[in-house]
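Everything on this sheet refers to the single structure shown next.
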Protein chains: 2
Amino acid sequence: MAKRRAETMEENRSKLIAAARKAFADKGYAAASMDDLTAEAGLTRGALYHNFGDKRGLLAAVVHQMDSDMAARAQMIGATAGNDWQALLAEGAAYIEMALDPEVQRIVLLDGPAVLGDPSQWPSQGSCLQATRQTVERLIAKGIVRPVDPEAAARLLCGAALNAALWIAASDNPKTVLPKAIEAFSCLASGFLVKAV
Amino acid sequence: MAKRRAETMEENRSKLIAAARKAFADKGYAAASMDDLTAEAGLTRGALYHNFGDKRGLLAAVVHQMDSDMAARAQMIGATAGNDWQALLAEGAAYIEMALDPEVQRIVLLDGPAVLGDPSQWPSQGSCLQATRQTVERLIAKGIVRPVDPEAAARLLCGAALNAALWIAASDNPKTVLPKAIEAFSCLASGFLVKAV
DNA sequence: TAATTTGACATACGGCGCGTATGTCTGATA
DNA sequence: TATCAGACATACGCGCCGTATGTCAAATTA
């Protein structure tokens with residue numbers, strides 16, 4: 001039987017996003033050819049421009065998907081922590097680990113900001129940023145964390161985690177530096193506590 | 001009188017770097033045309049490829065220049081601070097303020113990492129990173145800061161400062177959020193102290 | 001100083017990739 | 001069943017990068 005119209009369209013969108021995710025991660029955004037990646041998905045550039053407008057639009061869709069995945073994961077990890085403070089630390093560690101994925105680094109952390117602009121302006125709000133900010137707000141309300149600007153705190157924490165991840169990924173043996181990074185992150189974060197550990 | 005050979009060459013290099021800096025900051029790396037920016041400098045693409053190899057080489061030269069300027073500035077500011085701890089905070093604040101410059105953001109913080117890779121792999125070592133790391137090492141030696149990995153601490157601090165700058169720049173009224181960012185940064189950094197403030 | 005060489009830069013060429021305009025064919029609608 | 005709409009394919013033009021080749025002034029040597 002013939003498929004519904006919207007059905008195949010959604011399939012094609014998914015195929016294009018998947019191919020783009022692979023191509024962008026593999027060759028980088030600039031070097032990825034639209035002809036190649038659409039062919040990889042069994043389609044042509046016509047489908048691409050019809051669905052996403054232009055190359056940037058495709059990147060935006062890919063970033064949105066990855067960002068949403070990361071947000072969901074961060075949310076889960078935060079929810080399973082013992083208390084809110086540990087949730088914050090766990091989210092940070094999770095973010096560092098997620099950022100170790102080469103796909104995440106290349107697409108979300110490097111090409112994404114360069115092509116689409118600052119992550120906080122993205123529709124998805126920058127995944128981890130959102131989760132971190134909410135956690136910080138809870139901690140401030142409970143008097144555990146100093147009354148700093150939650151947005152500022154979240155941005156700084158995520159920024160620290162992100163750079164930690166880039167550092168680890170660029171290092172010779174990631175296994176040994178990962179714990180150092182997480183320890184340093186914990187130290188840093190503890191600066192927000194009302195009373196020191 | 002006829003100019004020396006090396007002299008004019010150095011002049012041309014400077015003119016190209018200056019034009020590139022302007023073009024990259026204005027249009028972004030990808031959208032900047034080599035023909036246009038070389039014409040702006042009164043030269044052609046021939047000079048460019050002879051001096052810098054390719055477009056990436058030109059960006060690297062521009063980044064190196066800006067990075068060196070930033071390092072020198074950070075060094076100066078750190079040196080004029082009362083003590084080492086205040087030097088660290090001052091360097092962080094200085095980094096945030098420098099990163100508010102649109103040219104720095106676009107070229108050093110966005111396109112630079114996307115095109116050239118992680119800043120810590122750059123020949124210039126990532127300006128502020130170097131200065132921050134040295135300051136952290138001094139503070140650890142004096143027992144003021146906990147014995148964390150200096151490299152990790154420097155990366156986290158610089159990452160936090162960088163993201164603070166991106167946040168401020170994207171905000172509606174930078175003037176009001178700048179102090180919030182600096183306050184949050186001080187809190188964060190104090191997490192590294194042996195005894196809390 | 002005159003001839004020769006070097007090399008910094010200009011010019012010319014080929015190819016690729018993006019974006020748009022136009023065409024086509026299938027699934028929806030009446 | 002006939003018409004329409006829209007998702008996707010095809011065709012075209014333009015701009016830009018990188019390289020190969022040419023040129024001319026400055027440096028070198030005798």
Side-chain angles (χ1 to χ4, degrees), chain A residues 1-63 106-107 111-112 114-116, chain B residues 1-63 106-107 111-112 114-116:
Chain A
M1 150 197 174
K3 290 178 184 171
R4 296 272 137 198
R5 204 89 183 268
E7 222 174 298
T8 63
M9 194 174 175
E10 196 52 42
E11 281 182 21
N12 286 338
R13 276 183 61 94
S14 296
K15 280 196 282 188
L16 285 173
I17 290 180
R21 182 165 168 167
K22 187 171 166 54
F24 289 160
D26 201 40
K27 313 188 165 196
Y29 173 77
S33 161
M34 312 277 275
D35 284 312
D36 291 353
L37 76 87
T38 49
E40 188 79 17
L43 296 165
T44 68
R45 288 213 328 277
L48 204 158
Y49 282 93
H50 188 75
N51 279 295
F52 301 99
D54 60 353
K55 197 179 183 181
R56 276 189 60 185
L58 179 59
L59 176 62
V62 171
V63 164
R106 180 85 237 186
I107 299 177
D111 285 335
V115 176
L116 305 175
Chain B
M1 152 198 173
K3 289 178 183 173
R4 295 273 139 200
R5 202 93 185 265
E7 223 173 300
T8 63
M9 195 174 174
E10 196 52 41
E11 281 181 19
N12 286 339
R13 276 184 63 95
S14 296
K15 280 196 282 188
L16 286 173
I17 290 180
R21 182 166 168 167
K22 186 171 168 55
F24 289 161
D26 202 40
K27 312 187 166 200
Y29 173 78
S33 161
M34 312 276 276
D35 284 312
D36 290 354
L37 76 87
T38 48
E40 188 79 18
L43 297 165
T44 69
R45 288 214 328 277
L48 204 158
Y49 282 92
H50 189 73
N51 280 293
F52 302 100
D54 62 352
K55 197 179 183 182
R56 277 190 60 185
L58 179 59
L59 176 62
V62 171
V63 164
R106 178 86 234 186
I107 299 177
D111 287 334
V115 176
L116 305 174

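These figures come from a predicted structure and were not determined experimentally. Reminder, nothing fancy here: chain letters follow the sequence lines and each chain counts from 1.
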Letter by letter from the 5' end, nucleotides 6-19 of chain C scores (B base, S sugar-phosphate only, - none; protein heavy atoms under 4.0 Å) -BBBBBB-----BB
Side chains of B:I107 and B:L59: closer than 4.5 Å at any heavy-atom pair?
yes
Nearest whole angstrom, please: distance from the C1' of D:dA25 to the CD of B:E7.
15 Å
Does atom NZ (B:K22) have a neighbourhood of more than 12 heavy atoms from anything else shown, all under 6.0 Å?
no
Side-chain touch B:F52/B:L16, heavy atoms, less than 4.5 angstrom:
yes
I need the CG-C1' distance between A:L16 and D:dC8, as an integer number of Å.
11 Å
Side-chain heavy-atom pair B:V115, B:V63 within 4.5 angstrom cut-off:
no
Tell me, do A:L48 and A:L43 make a side-chain contact under 4.5 Å, heavy atoms counted?
no
Whole-Å distance, B:L58 CG to D:dC16 P, equals 16 Å
